[in-house]
Amino acid sequence: MAKYNPNVVEKKWQEFWAKNKTFEAKESNKKKYYVLEMLPYPSGNLHMGHIRNYTIGDVIARYKRMCGFDVLHPMGWDAFGLPAENAAREKNTHPAKWTYSNIENMKQELKQMGFSYDWDREVTTCKPEYYKWEQWLFIQMFKKNMAYKKLSYVNWCEDCQTVLAAEQVEKGCCWRCNSKVKQKELSQWFFKITDYADDLLLHCDKLEGWPQEVLTMQKNWIGKSIGASIKFQIQDREEEIEVFTTRPDTIFGATFMCIAPEHHLTSVLSKNNDNVKKFVEKIIEQSRASRDVEQLEKEGMFLDAYCINPITKKKLPIYVANFVLMEYGTGALMGVPAHDQRDFDFAQKYNIEKIAVISPDGKEVDADTLEEAYSDDGILINSQNFNGLQNREAIEKICDYFEKEKIGKKTFNFKLKDWGISRQRYWGTPIPIIYCDKCGIVPEDEKNLPVVLPEDAVLSETNPLLDIDYFKKAKCPKCGNENAKRETDTMDTFVESSWYFLRYCSPNYNEGMLNSDEVNHWAPIDQYIGGVEHAVMHLLYARYFTRVLKDMGFVNFKEPFTNLLTQGMITKETFECPNCRYLFPEEVVKKGDKYICQKCGIEVVVGKKTKMSKSKKNVVSPKELTKQYGADTIRLFCLFASPPHKTLIWNEDGIEGQSRFINRVWNLIEKYRDDIDSEEVYKGDSDKLNSWSLELYQKINLTIKKVTSDIEKFSFNTAISSIMELVNFIYLIPDGEKETQETQVIKLAIETIVLLLSPIIPHFAEESWKLLGKESVTTDEKWPTFFKDAIKTDEHTLVIQVNGKVRAKLTIDSNLNEETIKELALNNVNVQKFIEGKEIKKTILVQKKLINIVI
RNA sequence: GCCGAAGUGGUGGAAUUGGUAGACACGCUUGACUUAGGAUCAAGUGCCUUGUGCGUGGGGGUUCAAGUCCCUCCUUCGGUACCA
């Protein structure tokens, strides 16, 4: 018997697919299906996370293809980004060279996995023919005021020497290099994503094909809160301070006013007092979202000014305080110490009066005895003619009063901020803007696009574009001024990934950004697949961009991803030596329960299971595994180990089993090949079948049913296990001479198994199909269907319970009536033991399942 | 703190949505074939005090019947955080 040799077979079929352009996406009269996996950053090699993601997508693509869809399944490269610059500096090369060579390498690895991509549609975001259209879109957005420039405090990473979007700051640290993020005032480009805040929020509830947890994260990120804005007149001055509050019902309890350090009134009211200045500078230095923010003590400074509570006319001291955020609301808040914990802490520290205005039961509360703020619902007290109202009701009434008196109004606020896209880095899309002394900010002439990123940059810690004179120097498109200056900031790389999925529909279109006909044919994406870590950033930006493009008339839909599958991370434990930092597993020796560092002999800390990453040295290379077992085994293993959405703790112990399964199927085909060769496939006239072949025939149909529904719901592990059951069943068929009909059923079983496996382990399926003497390829075959009649049986197992515990099982005729079943159950010997001499209170019969006798 | 997901054998994981807990696989045990087995095939494998026994993170509840529903507590993972 010839042993199955994956290395030879896989190469052969990969060449076959490439030569025949098997997976070229074509429009026909069939229904379309667009399946897409998030594109990779070309960091050097594929890692297990990629393999898991792309295997899932590939199974879906191949399955849908067999089901008769026109499938679009493309792949590309998210090729701009800081790691390329860092690597280039380290290795003394150019980011482009590094990136393109990584792409070549990873493309090779993808091909070795047998993924069914239409490579003719490959998109590489760092190529001028791609970013040209991004620049073009930027100009359109600029013209419509959707892209604008403003001076603002931004998150600044000193190590990366660049600005970070709010979404890219994790626990006060840079998402990329983990160093602490600072606040810095810079003039920056922004996209007005907040224009769509409401729409993005609203449609979360309409995305039925998305996981609930992702929608919740997006909703929380957009963070709409409803409340009121109220104006407080400053005493003896013209200005007013406007605050936003979600609790206008507590206004009678407001005893102080707090403004953010960056608030324009801070310097005005302090009259540039040095102490205040120093205080403000200190706070601005501190990161807003710093890790220890919770422990950070509330600090403030009295500005020696007062404002008037518009409803009580009470004089409120104005403070500048470190816990007030300029970015949220109006950058000012009314302090209600009795009903807000932060205000309470602040008032406690600075000895500010507390007034209780909400009480759980409507009874008087002594605010001075409170140990913490009461922030729950209740009944209004000390609130003049609003006393006695439920606070929810009071919010409405008080807002009405504000509006009548013109001191405030009902309003709402979003946590979502405009998307800052300027990056002071080289390896990104140049922002197509020119600064002219006469004309100001002028977009580049569309005829001059793309603004090509110069190749001869000398990389440094700062933005190298600043040093390239011919790039910086520009002619003003408006007045022709030769001494205008080009923008040297590049765009956040999330901009590229916000529309690449649309470009795949017309990847080589030169007349415009998108060919609307083709985009509207293929998109929206029927199934998008990627890591849950993109739940907020990428997916929100992509939804935003699609809206912008819809409003410009390029696409006829606003939600780009109809269905979303977020696959779980792959994690692995880390080894960390106190001296040498992270270690590879091979640098560690096990001694008893302990792990010792080979180099320095010190005990190693076995860290938590975290996402595989190069820096933590807990990556597993798919390359080695593929070499050893073949791509099919790795694909099978990724799918079988765990359901797609779950975090997968890496453990390759099971991998042998997957390779074993493939060989088991192969050996099965070899075993029956000669017998079934000349036979027809069984067509379904089941009355002539003997007991095992009838059972096999039923099993075949049940398996088709189960595998189909499992793949539809992405339950690949159970789909595979039911194919395994069918294989195991065939192994149990007694050896010896077989009748024609029996051989025909076995033939059907084997062919079905191969077809069902085709999307999962395609190389193996094609090779097996050939071994079965087929002219066609499984990729072009129809997905098997099952016959309802074949699944029907006239017998079933009846489970007999006594007081809810299983005591016996019987195989009975399904057509028996209730009385007979009861009698059978009660007369059963095993049951008798339990019910002898006991009174039977009642029996419950669940049709075709079980009977429970209650004694 | 808040929001979300989860907790089932030695391990990864099943369980038709309230109806036989542990499918399928890894590992382990035994046997067969073998010069050999880390190949292959077959059998077994939740636990124990072996019985009218126990068992799905702990405790309580609803039900003829609970991994599944309700209450409560605990743990783990993810997201988020001075958001007024």
Side-chain angles (χ1 to χ4, degrees), chain A residues 1 3 170-172 211-217 219-221 223-225 227 243-247 250 258 288-291 293-298 321-325 327-336 339-343 345-346 413-415 532-533 535-536 568-569 571 608-611 637 640-643 645-649 651-658 660-661 663-664 667 706 709 715 717-725 727-728 731-732 797-809 833-834 841-846 848-855:
Chain A
M1 257 202 297
K3 207 175 173 304
E170 290 170 355
K171 295 189 169 134
Q212 201 51 54
E213 52 164 338
V214 173
L215 294 175
T216 308
M217 280 192 223
K219 282 187 204 168
N220 289 344
W221 190 263
K224 185 176 184 172
S225 33
V243 302
F244 172 75
T245 176
T246 53
R247 294 295 303 273
T250 62
C258 255
R288 285 311 182 169
S290 94
R291 192 187 298 275
V293 102
E294 195 138 288
Q295 286 91 315
L296 204 69
E297 207 182 329
K298 304 214 173 357
N322 64 348
F323 70 99
V324 186
L325 304 174
E327 315 86 74
Y328 188 76
T330 59
L333 60 86
M334 63 178 199
V336 186
H339 302 291
D340 181 287
Q341 193 54 45
R342 288 155 307 170
D343 299 350
D345 295 342
F346 192 80
N413 229 306
F414 291 104
K415 253 168 65 176
V532 72
E533 65 271 21
V536 176
M569 293 185 298
T571 63
K608 268 198 194 171
K609 289 161 182 83
T610 53
K611 192 180 168 178
F637 177 70
F640 188 71
S642 148
H645 65 271
K646 256 193 105 163
T647 302
L648 180 61
I649 298 166
N651 176 0
E652 56 192 66
D653 288 350
I655 206 160
E656 292 278 355
Q658 308 315 308
R660 195 177 300 161
F661 170 69
N663 284 319
R664 247 167 97 78
N667 293 339
K706 170 92 173 130
S709 73
S715 183
N717 54 339
T718 52
I720 294 164
S721 75
S722 65
I723 302 174
M724 285 173 169
E725 280 182 68
V727 171
N728 290 347
Y731 264 91
L732 295 179
T797 309
L798 178 78
V799 172
I800 309 171
Q801 297 183 329
V802 178
N803 280 355
K805 293 209 163 117
V806 181
R807 296 306 183 193
K809 288 174 196 178
K833 275 198 293 195
F834 291 94
K841 281 190 188 152
K842 61 172 160 179
T843 57
I844 288 136
L845 180 73
V846 182
K848 296 207 170 175
K849 271 203 181 120
L850 59 75
I851 183 164
N852 191 7
I853 303 160
V854 187
I855 54 171

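Every chain is numbered from 1, with letters handed out A, B, ... down the list of sequences. Model, not experiment: these values are computed from the prediction.
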statement: Quick tally for nucleotides 19-24 of chain B: nucleotides whose base has a protein heavy atom under 4.0 Å get B, sugar-phosphate-only ones S, the rest -, giving BBS-BB
- request: Measure from CG on A:L845 to P on B:G18 and round the result to the nearest Å.
  value: 19 Å
field: Side chain of A:L325 (C-beta onward), nearest among B:C83, B:A42, B:U11
entry: B:C83
field: B:A66 versus B:G22 - spacing of their P atoms, nearest Å
entry: 16 Å
message: If the glycosidic angle sits within 90 degrees of zero it is syn, else anti. Tell me which applies to B:U17.
response: syn
- line: Of A:R342 and A:N220, the one whose closest nucleotide on RNA chain B sits nearer the 5' end is A:N220
query: How close do A:C258 and A:V324 get, heavy atom to heavy atom, and via which atoms?
result: CB-CG2, 3.7 Å
Check: A:K415 side chain, A:N220 main-chain N or O, donor-acceptor pair, under 3.5 Å: yes
message: Of the listed nucleotides (B:A84, B:C3, B:U80), which one gets closest to any side-chain atom of A:T216?
response: B:C3
- prompt: Out of B:C3, B:G79, B:A84, which has the shortest distance to the side chain of A:T246?
  reply: B:A84
- prompt: Can you check the A:F414 CZ to B:A84 C1' distance for me, whole Å?
  reply: 17 Å
task: With heavy atoms under 4.0 Å as the rule, sort A:K415 into base, sugar-phosphate or nothing.
output: base
- request: Describe the nucleic acid contact of A:G657 in one word from base, sugar-phosphate, nothing, applying a heavy-atom distance below 4.0 Å.
  value: sugar-phosphate
- request: List in chain and number order the residues that pass side chain to side chain contact (heavy atoms under 4.5 Å, CB included) with A:P643, two or more places apart in sequence or in another chain; answer none if no residue qualifies.
  value: A:H645, A:K646, A:N717
query: Are OP1 or OP2 of B:A6 and a side-chain N or O of A:K646 less than 4.0 angstrom apart?
result: no
message: Applying side chain to side chain donor-acceptor pair (under 3.5 Å), can you list everything that pairs with A:K224, at least two apart in sequence or on another chain?
response: A:D198
statement: For A:S225 and A:Y328 the tightest heavy-atom approach is OG-OH, 2.7 Å
task: Establish, from distance only, whether the side-chain atoms of A:T718 and A:S715 form a donor-acceptor pair under 3.5 Å.
output: yes
- prompt: Just to confirm, is there a sub-4.0 Å distance from OP1 or OP2 of B:G78 to any side-chain nitrogen or oxygen of A:T647?
  reply: no
query: When you look for runs of 3 or more Watson-Crick or G-U pairs in a row, both distances below 3.5 Å, which of them include RNA chain B?
result: B:1-7 with B:74-80, B:10-12 with B:24-26, B:27-32 with B:40-45, B:57-61 with B:69-73
field: Nearest-neighbour nucleotide for the A:Y731 side chain, B:C41, B:A84, B:A25 considered
entry: B:C41
statement: Per atom distances to the A:R660 side chain, the nearest of B:G27, B:G12, B:C64 is B:G27
task: Take atom C1' in B:C41 and the same atom in B:G37, then report the distance between them in whole Å.
output: 14 Å
query: With sequence neighbours excluded, what pairs up with A:L850 under the side chain to side chain contact (heavy atoms under 4.5 Å, CB included) test?
result: A:V799, A:Q801, A:V846
statement: Rounded to whole Å, the CD-P distance (A:E213 to B:C77) equals 16 Å
Under 3.5 Å, N/O pairs linking protein and nucleotides 55-57 of chain B:
none

message: Is B:G9 syn or anti, taking syn as a glycosidic angle within 90° of 0?
response: syn
- request: Among the candidates B:C82, B:A42, B:G13, find the nucleotide nearest to the side-chain atoms of A:S642.
  value: B:G13
